[in-house]
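Below is one structure, written out as structure tokens, with a few remarks after it.
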Amino acid sequence: MKTWSTLRSFPLPIRLLVVNQFGVNVGFYLLLPYLAGYLAADVGLSAAVIGIVLGVRNLSQQGLFLLGGSAADRLGARGVIIAGCALRAVGFGLFALGTALPVLLAASILSGLAGALFNPAVRSYVAQAAADRRAEAFALFTVFASAGALLGPLLGSALLLVDFRAAASTAAGLFAALTVAQAVWLPATPATSAEATLWQDWRTGLADRRFLAFSVALAGMFALQTQLYLILPVQAEHVTGHPVAVAGLFVVSTVVTLTLQLPLTGWLQGRWSRGKSITVGMAVMGAGFLLPLLRVESTSPVLRLVPVLAAAVLLTLGVMIAQPFVLELIPAFAGPRLTGTYFGLFYLVSGVLAAGCTAAVGATVGTATAAGVPPVAWLLTAAVGVASAGAVWLLRLDGPRTSAPTPTPAGVS
């Protein structure tokens, strides 16, 4: 298979981190999709308190991405990756050990902090180790991450037949094993940002107006990806009347990624610039959300599901087109010294904006009636994709693939 031959063609650090990402997603999705239900049904928390517990996890991860990225630059990405895996093991272990609110909050904070450390650090490591094969490496990364995101909930649902603590303990054990694997086999990386202060590093990123514009433009990618867990499942269950249709969305999305991601990225590398790939990818993502506006009048639930399923496929295809080149471009903006910092800043800026966009879409879904997801939600998400595509096109990212974009100097528009 092309996936395995491509994996073997990379050096050990890339292979290890790609497999590690598979394990990370298995462990994460094994537990997190079932956490809210456990807190409500077994622990007996109110919806407001559950929102606080989950919100603390999101805030501790989203708000500390920049710190995690800078730590990778200053301490070396390897140590930060190991620390992130270890903290995730402790955090998930706490979910298995106690039900008191302070314990649950501590577990949420630690698991969120783990993601803030791990995510920018591992991408910084991959970007440095992959050199001129970054897009291909990130495409491979996406394939294994998608496989883990599919297997995790299936394994979690099986473990929940025992109880939630069995699922939490398994997830914690998996992250502990990943921690040991990174500590034993992942080669060390040198610190790259020792000569400047932390604030100087952050100021460099914040003064890079073109990079900030790029991060804002790509917030739409994250906002639209989130809809695979929000309006698409709502509509799938509505048109079919069966919750199993939701699982079908995830299976189809994962199968498309596993089979097409690497060939598609290879094809695009030889024909399109990075800017064109990202622009088209965002446009395809947005266009997909127009399809559920088509109502299929049929007694067959499968036929009624087709527009929603097609939207999920186009969403996945758009992500596959754009995402490897988005991740390839971030180190090009950063240069070798601040790769982690730029990854952290990118996820912080785009993630916060994406959260606001998702909240706006969620507010429209809150007004849904028996007719399902209202048309305004589909039009809004389609508009986000088109706006992001237009913003990327205006940035003119179509320079040679081997050269980095030239950051706009501070004070110059």
Side-chain angles (χ1 to χ4, degrees), residues 1-4 6-7 18-19 21-37 139-161 167 170-171 174 221-265 281 284-285 287-292 294 296 298 300-324 358 365 372-373 378 381:
M1 288 179 62
K2 181 176 176 59
T3 298
W4 296 109
T6 302
L7 180 64
V18 165
V19 175
Q21 188 61 33
F22 169 78
V24 165
N25 274 19
V26 170
F28 183 85
Y29 288 102
L30 184 159
L31 182 71
L32 260 292
Y34 307 105
L35 180 58
L140 192 65
F141 198 79
T142 299
V143 168
F144 277 77
S146 297
L150 177 63
L151 179 60
L154 298 176
L155 181 58
S157 62
L159 289 168
L160 284 175
L161 296 176
T170 301
L174 179 56
M221 184 176 72
F222 294 101
L224 296 187
Q225 281 182 285
T226 303
Q227 304 316 311
L228 190 59
Y229 304 92
L230 183 57
I231 63 175
L232 289 174
V234 170
Q235 188 70 1
E237 186 168 352
H238 166 73
V239 298
T240 63
H242 299 289
V244 71
V246 176
L249 294 180
F250 294 107
V251 170
V252 168
S253 174
T254 302
V255 168
V256 170
T257 301
L258 294 180
T259 55
L260 296 181
Q261 178 69 80
L262 288 175
L264 180 60
T265 300
V284 170
M285 290 173 72
F289 286 95
L290 296 175
L291 296 180
L294 302 174
V296 177
S298 173
S300 170
V302 175
L303 291 179
R304 293 198 300 270
L305 182 63
V306 167
V308 185
L309 201 59
V313 170
L314 282 186
L315 171 61
T316 302
L317 182 62
V319 173
M320 290 163 53
I321 293 170
Q323 186 166 258
T358 301
V365 175
V373 175
W378 304 115
T381 47

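Counting from 1, the numbers follow the sequence of the chain as shown. This structure is a prediction, so every number in the text was calculated from the model and none was measured.
- Taken from CG in Leu140 to OG1 in Thr265, the straight-line distance is 10.0 Å, to the nearest 0.5 Å.
- Taken to the nearest 0.5 Å, the CG atom of Leu155 stands 4.5 Å off from the CG atom of Leu30.
- In this structure, Val252 and Val313 have side chains that are in contact, with non-hydrogen atoms separated by less than 4.5 Å.
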Exercise for the section: Could you walk me through whether Leu232 and Leu315 pass side chain to side chain contact (heavy atoms under 4.5 Å, CB included), step by step? Expected result: CA-CA 10 Å; Leu232 289 174; Leu315 171 61; 4.0 Å; yes
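- For Arg304 against Val296, the heavy-atom pair with the smallest separation is CG-O, 3.6 Å.
- The backbone N or O of Pro153 sits less than 3.5 Å from a side-chain atom of Tyr34, completing a donor-acceptor pair.
- Contact between Pro307 and Leu294 at its shortest, heavy atoms only, is CG-O, 3.6 Å.
- Here the CD-CG distance, from Gln261 to Leu264, works out to 6.5 Å after rounding to the nearest 0.5 Å.
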Exercise for the section: Test Val239 against Gln235 for side chain to side chain contact (heavy atoms under 4.5 Å, CB included), laying out the working first. Expected result: CA-CA 6 Å; Val239 298; Gln235 188 70 1; 3.7 Å; yes
Practice task
Start with the C-alpha distance between Thr3 and Leu258, add both sets of side-chain angles, then the distance that settles side chain to side chain contact (heavy atoms under 4.5 Å, CB included), and finish with yes or no.
Solution key: CA-CA 8 Å; Thr3 298; Leu258 294 180; over 6 Å; no
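- Between Thr240 and Ala245, the closest heavy-atom pair is OG1-CB, 3.4 Å.
- Closest non-hydrogen pair, Ala312 versus Leu249, comes out as CB-CD2, 4.0 Å.
- Using cut-offs of 30° and 60° for the angle between ring planes, the Tyr29 and Tyr229 rings count as parallel.
- Separation of atoms CG (Leu291) and CG (Leu309) is listed at 10.5 Å; rounding is to 0.5 Å.
- One distance of note links CD of Gln21 with CZ of Phe141; it measures 3.5 Å at 0.5 Å rounding.
- Distance check: Thr316 OG1 to Leu260 CG gives 10.0 Å after rounding to the nearest 0.5 Å.
- Taking both residues in full, the closest heavy atoms of Ala236 and Leu305 are given as CB-CD1, 3.7 Å, listed atom of the first, atom of the second, then distance.
- The nearest pair of heavy atoms linking Leu228 to Ser253 is CD2-OG, 3.9 Å.
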